[in-house]
Engineer: 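One structure, pasted below without further comment.
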Amino acid sequence: MLLLTSSNAELNIKVIISVGNEIITNYDLDKEINYLNIITVGQIKKLDAQESKKIAIDSLIKDKIKITALSKHSNIMIKDELINNQIIQSSQNIGFRNFDDFKAYLDYAEYELDEFKKKILLELKWNQLVYQFYKNQIIID
């Protein structure tokens with residue numbers, strides 16, 4: 001168990017699960033629930049606490065598996081332009097008309113844009129890895 005202290009508050013960070021060599025902490029869980037609330041526009045908050053934790057843990061486990069798999073394929077590069085376009089598309093998909101409104105929503109939700117960008121980058125890299133792995137098996141009529 002790690003114990004981090006600051007002048008204003010104490011923060012207990014506990015490992016709640018490990019996935020291979022990757023760990024998931026209660027801090028990660030709180031951030032993931034916050035992220036899921038953002039992308040579902042608050043729908044996760046409507047669930048009971050146990051169910052939202054289960055969904056968030058499942059999501060974090062999937063992310064850790066993706067991170068582990070991607071660590072073996074460091075050649076996958078994603079252009080910043082594609083990341084930015086995907087962020088804008090994601091913000092539009094959840095109902096924001098412009099990027100500034102989305103950034104304000106992230107600030108209100110106390111979620112960093114850089115964290116959102118990391119999530120998008122992980123998904124883009126994962127999609128690229130899956131595509132590279134299966135591209136020879138794709139048949140289009």
Engineer: Does any N or O in the side chain of D28 come within less than 3.5 Å of the main-chain N or O of I16, such that one atom is a donor and the other an acceptor?
Structural biologist: no
Engineer: If you round to the nearest 0.5 Å, how far is CD1 of I88 from CD1 of I120?
Structural biologist: 11.0 Å
Engineer: Please determine whether side-chain contact (heavy atoms from CB on, under 4.5 Å) holds for the pair V19 and T68, giving the CA-CA distance in whole Å, both sets of side-chain angles, and the decisive distance to 0.1 Å.
Structural biologist: CA-CA 9 Å; V19 181; T68 300; 5.8 Å; no
Engineer: Side-chain donor-acceptor pair under 3.5 Å between Q89 and N93, yes or no?
Structural biologist: yes
Engineer: In Å, rounded to the nearest 0.5 Å, how long is the span from CD1 of I24 to CD1 of I61?
Structural biologist: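 I24 CD1 to I61 CD1: 5.0 Å, rounded to 0.5 Å.
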Engineer: Going hydrophobic residue to hydrophobic residue with side-chain gaps under 4.5 angstrom, can you get from W126 over to Y131?
Structural biologist: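 Hydrophobic grouping puts W126 apart from Y131.
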Engineer: Looking only at heavy atoms, what is the nearest atom pair of L113 and K103, with distance?
Structural biologist: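 In this case the closest contact between L113 and K103 is CD2-CD, 4.0 Å.
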Engineer: Tell me whether E112 at atom CD has more than 12 heavy atoms from other residues, nucleotides or ligands lying less than 6.0 Å away.
Structural biologist: no
Engineer: Under 3.5 Å, which donor-acceptor pairs link side chains of residues 73-81 to any protein atom two or more places apart or in another chain?
Structural biologist:
none

Engineer: When rounded to the nearest 0.5 angstrom, what is the spacing between CG in L106 and CG in N34?
Structural biologist: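 CG of N34 is found 9.0 Å from CG of L106.
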Engineer: Could you state whether Y111 and I39 fall into the same hydrophobic cluster, counting links through intermediate Ile, Leu, Val, Met, Phe, Trp or Tyr residues with side-chain heavy atoms under 4.5 angstrom apart?
Structural biologist: yes
Engineer: If you measure from CD1 on I44 to OG on S59, what distance do you get to the nearest 0.5 Å?
Structural biologist: 9.0 Å
Engineer: Do any pairs count as a ring pair (Phe, Tyr, Trp, His ring centres under 6.0 Å) and have a residue in residues 83-109, sequence neighbours left out, and if so which ones?
Structural biologist: F96-F102, F96-Y105, F102-F116
Engineer: Have a look at L121 and tell me which of K117, K125, K118 forms a side-chain contact (heavy atoms from CB on, under 4.5 Å) with it.
Structural biologist: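 So, applying the side-chain contact (heavy atoms from CB on, under 4.5 Å) to L121 and each of K117, K125, K118, only K125 qualifies.
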Engineer: Looking at I33 and S52, what are the two nearest heavy atoms and their distance?
Structural biologist: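 Distance-wise, the nearest heavy atoms are CG1-O, 4.2 Å.
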Engineer: Just how far is it from atom NZ of K119 to atom OG of S90, taken to the nearest 0.5 Å?
Structural biologist: 12.0 Å
Engineer: Can you name the closest pair of heavy atoms from K14 and N26 and give their distance?
Structural biologist: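 Distance-wise, the nearest heavy atoms are N-OD1, 2.7 Å.
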Engineer: Under the side-chain contact (heavy atoms from CB on, under 4.5 Å) criterion, do D63 and E123 qualify, and how do the steps go?
Structural biologist: CA-CA 9 Å; D63 283 356; E123 289 306 312; 4.0 Å; yes
Engineer: Should I83 and I67 be regarded as members of a common hydrophobic cluster, given that ILVMFWY residues are connected when their side-chain heavy atoms come within less than 4.5 Å of each other, either directly or indirectly?
Structural biologist: yes
Engineer: Could you see if L124 belongs to whatever hydrophobic cluster contains V130? Use Ile, Leu, Val, Met, Phe, Trp, Tyr and a side-chain cutoff under 4.5 Å.
Structural biologist: yes
Engineer: Do the non-hydrogen side-chain atoms of I17 and I23 ever get within less than 4.5 Å of each other?
Structural biologist: no
Engineer: What's the separation between atom NZ in K62 and atom NZ in K66, rounded to the nearest 0.5 Å?
Structural biologist: 7.5 Å
Engineer: How about L36 and K45: do any of their side-chain heavy atoms sit closer than 4.5 Å?
Structural biologist: no
Engineer: With a 4.5 Å cut-off on side-chain heavy-atom distances among I, L, V, M, F, W and Y, is there a chain of contacts connecting V41 to I87?
Structural biologist: yes
Engineer: Applying salt bridge (Lys or Arg N to Asp or Glu O under 4.0 Å), run through K54 and E51 and close with a yes or a no.
Structural biologist: CA-CA 5 Å; K54 182 186 179 323; E51 191 170 351; over 6 Å; no
